[in-house]
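Reading through the structure tokens given below for one structure.
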Amino acid sequence: MDLQVLRSFQAVAEGMTVTEAAAAAHITQPALSRALNRLESEVGAELLQRAGRVLRLTPAGRVFKEYVDAVLDSYDRGRRAVAEVVDPDAGVVSLAFLHTLGTWLVPRLVTGFRQRFAAVRFELHQADENGLAQHLLDATADLIITGRDPGHPLITWRRLLVEPLWLAVPARHRLAQRRRVRLAEVAEEQFIVLKPGYGLRSVTETLCRQAGFSPLVGFEGEEVETLRGLVASGLGVSLIPAAPDATTDPETNPDLPVRYLRLTDVQAVRDIGIAWPASRTLPPASRRFMDHALNTAAQP
């Protein structure tokens with residue numbers, strides 16, 4: 001049983017045809033079919049069944065694939081670790097992060113790091129809070145940048161910075177010309193929020209409770225840019241970070257479709273932190289990036 005056969009089995013199990021998997025492995029289709037048959041003989045069970053033009057996993061195949069995925073992931077991480085020992089200035093940083101941080105923090109951190117380690121490559125993943133923790137637990141990422149401590153015994157978390165949140169209102173909103181408001185002043189308005197499971201949703205609900213009300217949810221989305229667009233259309237208000245190029249002074253640019261107001265009755269901020277697996281040694285490149293993030297994230 002060699003690794004290439006396992007990779008081909010994995011590819012077919014994930015939807016490739018045998019012809020496509022054979023081409024990817026640079027062998028003929030009959031040769032791959034024979035290899036998959038030998039694999040089934042070694043395992044002692046039928047792993048794949050034909051359904052039309054493709055093969056589908058049998059119940060035994062689904063169980064076996066979980067272990068194949070783990071074997072291949074472990075082997076690939078081992079090769080990566082060896083490569084980084086041989087060339088410590090290269091390597092790959094596998095990083096997962098919140099969607100909202102992909103417009104400002106992650107690009108800034110990656111750019112600063114690449115100025116020192118230009119040969120390092122990045123594997124980037126985006127997810128919500130729960131998905132980020134799973135990336136670490138599944139070993140599909142070495143590091144995550146997230147809005148809260150996952151609170152898991154197998155994950156270590158450190159704060160990078162505290163990000164301000166603003167009340168975003170449409171340009172024609174009754175409060176749009178103000179710079180400071182109380183959150184309680186919009187208690188009767190519709191809120192545009194992220195779906196449950198996102199850290200910013202939890203922060204919004206907590207701040208509204210502190211202001212004495214439960215938010216009336218009118219729209220739920222999966223990205224802050226979507227929330228921003230809905231606010232601009234006049235569909236409600238939202239507690240979000242300011243856009244990277246936005247001004248919080250309505251007199252500076254009166255044509256902006258969204259105005260950002262500072263809240264005075266609650267502390268409208270959220271933690272941004274970096275986390276890594278507590279029980280796994282980080283590859284050198286990922287360790288260097290983690291140190292870089294801890295040392296520079298809070299800098300303007």
Side-chain angles (χ1 to χ4, degrees), residues 93-118 120-133 135 141-150 157-169 171 179 192-195 197-204 207 221-232 237-250 252-253 255-263 267-276 286 288-300:
V93 176
S94 182
L95 174 68
F97 54 91
L98 285 175
H99 295 84
T100 55
L101 304 179
T103 59
W104 66 283
L105 179 59
V106 171
R108 175 159 63 83
L109 291 176
V110 170
T111 298
F113 185 77
R114 288 289 300 276
Q115 289 174 352
R116 296 178 57 200
F117 303 104
V120 171
R121 296 186 299 107
F122 281 81
E123 293 176 354
L124 301 177
H125 314 271
Q126 292 177 285
D128 62 15
E129 299 280 1
N130 296 330
L132 289 176
H135 270 294
D142 292 327
L143 300 166
I144 61 173
I145 300 181
T146 180
R148 65 184 179 198
D149 185 344
W157 182 90
R158 292 287 183 274
R159 180 181 290 105
L160 291 176
L161 54 89
V162 176
E163 181 181 34
L165 299 176
W166 304 78
L167 180 67
V169 302
R179 296 189 184 184
I192 302 170
V193 297
L194 293 179
K195 291 181 177 180
Y198 288 81
L200 191 55
R201 170 65 175 265
S202 300
V203 171
T204 296
L207 291 175
E222 295 182 345
E223 294 188 359
V224 167
E225 290 308 311
T226 300
L227 308 192
R228 214 183 307 277
L230 293 173
V231 171
V237 301
S238 189
L239 281 174
I240 55 177
D245 57 349
T247 175
T248 56
D249 183 352
T252 301
N253 191 343
D255 297 325
L256 288 177
V258 176
R259 304 292 167 80
Y260 298 94
L261 313 180
R262 186 182 301 278
L263 295 169
Q267 188 177 12
V269 296
R270 67 168 175 174
D271 286 332
I272 302 297
I274 190 167
W276 59 93
S286 294
R288 283 176 171 175
F289 181 78
M290 181 190 72
D291 292 340
H292 168 76
L294 289 168
N295 291 330
T296 65
Q299 297 176 5

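Sequence positions, counted from 1, serve as the residue numbers for this chain.
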Query raised in the report: Do I144 and W157 come within less than 4.5 Å of each other through their side chains, counting heavy atoms only?
Result: no

Query raised in the report: Quick check: are there more than 12 heavy atoms from other residues, nucleotides or ligands sitting under 6.0 Å from CD of Q267?
Result: no

Requested in this report: Take R158 and W276 through the test side chain to side chain contact (heavy atoms under 4.5 Å, CB included) and record every step on the way to the result.
Outcome: CA-CA 9 Å; R158 292 287 183 274; W276 59 93; 3.5 Å; yes

Query raised in the report: Does some side-chain heavy atom of L95 sit less than 4.5 Å from a side-chain heavy atom of I145?
Result: yes

Query raised in the report: Just wondering, do V93 and F117 contact through their side chains at under 4.5 Å, heavy atoms?
Result: no

**Report entry** Sub-4.5 Å side-chain heavy-atom contact between L165 and P241
**Finding:** yes

Report summary line: Between P164 and V269, the two heavy atoms sitting closest are CA-CG1, 4.1 Å

Requested in this report: Could you tell me whether the side chain of R259 and the main chain of V169 form a donor-acceptor pair under 3.5 Å?
Outcome: no

Query raised in the report: Does any N or O in the side chain of S238 come within less than 3.5 Å of the main-chain N or O of A168, such that one atom is a donor and the other an acceptor?
Result: no

Report summary line: When rounded to the nearest 0.5 Å, the distance separating OG1 of T296 from CG of L105 is 8.5 Å

Query - L160 to A297 - nearest heavy-atom pair and separation - result: CB-CB, 3.8 Å

**Report entry** Nearest atoms (heavy-atom pairs only) where A127 meets G131
**Finding:** CB-C, 3.9 Å

Query raised in the report: Between atom CG of D128 and atom CG of L200, what is the distance when rounded to the nearest 0.5 Å?
Result: 12.0 Å

Query raised in the report: Can you find a pair of side-chain heavy atoms, one from V224 and one from T103, that are under 4.5 Å apart?
Result: no

Report summary line: Output for pair (F289 CZ, R116 CZ), nearest 0.5 Å, gives 12.0 Å

Query raised in the report: If you measure from CG on L194 to CG on L98, what distance do you get to the nearest 0.5 Å?
Result: 9.5 Å

Report summary line: The reported gap from CE in M290 to CZ in F113 (rounded to nearest 0.5 angstrom) is 11.0 Å

Query - Note, T100 side chain near R270 side chain (heavy atom, < 4.5 Å) - result: yes

Query - Inter-residue atom distance R148.CZ - I272.CD1, 0.5 Å rounding - result: 11.5 Å

**Report entry** Distance-minimising heavy-atom pair for A96 and H135
**Finding:** CB-CD2, 3.9 Å

Query raised in the report: Parallel under 30°, tilted from 30 to 60°, perpendicular over 60°: which one fits the rings of H99 and Y198?
Result: tilted

Query - Closest non-hydrogen atom pair between V162 and R159, with its separation - result: CG2-CD, 4.0 Å

Query - Heavy-atom pair of closest approach, residues S94 and S286 - result: N-OG, 4.1 Å

Query - Non-hydrogen side-chain atoms of L263 and L239 separated by less than 4.5 Å - result: yes

Report task. Give a yes or no on this: more than 12 heavy atoms of other residues, nucleotides or ligands lie within 6.0 Å of atom CZ of R121. Result -> no

